[in-house]
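Some notes on the structure that comes next.
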2 protein chains.
Amino acid sequence: MTSPESPDRAHPSDEALNDFLGLLGYSSLGSFALLAEDAAHAPDMASRLMLSRMAAGELAGIDRVEFLVAERGGDFDALMASYRDLFAGYLLRAVPRDWWERLVRSYVGYNMIQDMLRNLASCVPEGLRAETAASVGSSGHDDFVAAVLTPVIASEPQLAARLGLWGRRVVGEALTIVQRLFQEHPALIEFACGEQDPGLRIQRLVTDLQAEHSRRLRRLGLNA
Amino acid sequence: MTSPESPDRAHPSDEALNDFLGLLGYSSLGSFALLAEDAAHAPDMASRLMLSRMAAGELAGIDRVEFLVAERGGDFDALMASYRDLFAGYLLRAVPRDWWERLVRSYVGYNMIQDMLRNLASCVPEGLRAETAASVGSSGHDDFVAAVLTPVIASEPQLAARLGLWGRRVVGEALTIVQRLFQEHPALIEFACGEQDPGLRIQRLVTDLQAEHSRRLRRLGLNA
């Protein structure tokens, strides 16, 4: 496969690559923290064990990402730290009032970030694609939440209405994060698939993310 | 090796064994939660990554423990749940006021539980010893905390005094947990090494735990 759209797609600079690897690393660490916090709030032992295992699984690829950064002379901790405040903002602006809202927050935000990383990882240059794609996990978090929430939502219309509103609020926060991400780290745009024009590239990515989000909400029985 | 002290040491009942495996499982899950919470409070990215990795590592053996319980017809989630409130009590009664107190709380409590599990695992019947010992990790948490705290304690006498007091308080809470553990789960006494008399067995275990604790505090430059 070739990347005809842009001659520099095949050879991103080490700096741009490290920016992307820092994002991968911080996403692992942030997802670990998010799922571990959810696990700590789980109302039953089975959910707690399941979410704890998913959290631990998020770190499975981070050693490799750290190595790739070191190979390029990057400072992994500093690269990761450059994403910290941005992602912390999502959690601060979307504080759940109960277990259901907590599940929806992670269902929306965590899975959107995974979709975005999958998109970016699928568009990195060939030589590095397999390595970076491997670090975007498929934890089964969406299946877990759907199995828990779908029957509850189907049987409780008031909760369904509240979670529908909540879902719209948190997706707004999540999309804001995605857009600010590319504003704060313009080198990442290089890694997004598609058109030459950077603005169009991001627009297409966001459209794809929204479509995936709508599909996921419908799966729960909620309107996106 | 034989176990001459007690004829039933070689063949604990499945019920007693499941009680012990439930403790191993819950300790993994509880240690995961403790270290993940510490990671979330870490002041720098390197410490956060280190503690997150240690947390994830705590779950490495839990699949095997779950399998051993299922093999004996036990309900893993219910067995783990029987330890939840006891261990949660330690965290509720020892709320740290800053990062240093948080590090000391885990240094004291987490490492004491690991010592206790190592002691019990070393005394289970031969056939099961290797399997259970493998699930008691050596995460390097004590080395990490010693590397961080020893220079700080050496250079700040006021902090050293405060952490010395704090260490004595949290070890009191930790030893209370250990003693209540055997009161609430008397079948576990079967797994402790040593004398015939159950009371003496626990007494010896507690003495060993205190000695290890004192050694660990001295390593930081604190008096136990």
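All chains are named by letter (A, B, ...) in the order of the sequence lines, taking the proteins before the strands, and each is independently numbered beginning at 1.
Interatomic distance, A/Arg53 CZ to B/Asp63 CG, rounded to the nearest 0.5 Å: 4.5 Å.
At a 4.5 Å heavy-atom cutoff, the contact between B/Leu49 and chain A is made by backbone and side-chain atoms alike.
With sequence neighbours excluded, the residues satisfying side-chain contact (heavy atoms from CB on, under 4.5 Å) with B/Val148 are B/Trp100, B/Leu103, B/Phe144. Listed by chain and residue number, A/Arg180 satisfy the side-chain contact (heavy atoms from CB on, under 4.5 Å) test with A/Gln183 (two or more places apart in sequence, or in another chain).
The interface of residues 84-99 of chain B with chain A, defined by heavy-atom distances below 4.5 Å, comprises B/Arg84. Within residues 21-45 of chain B, the residues having any heavy atom closer than 4.5 Å to a heavy atom of chain A are B/Tyr26, B/Leu29, B/Gly30, B/Phe32, B/Ala33, B/Ala36, B/Met45, listed by residue number.
Within a 6.0 Å radius of CD in A/Glu15, no more than 12 heavy atoms belonging to other residues, nucleotides or ligands are found.
For the residue pair B/Ser52 and A/Leu59, the shortest heavy atom distance occurs at O-CD1, 3.4 Å.
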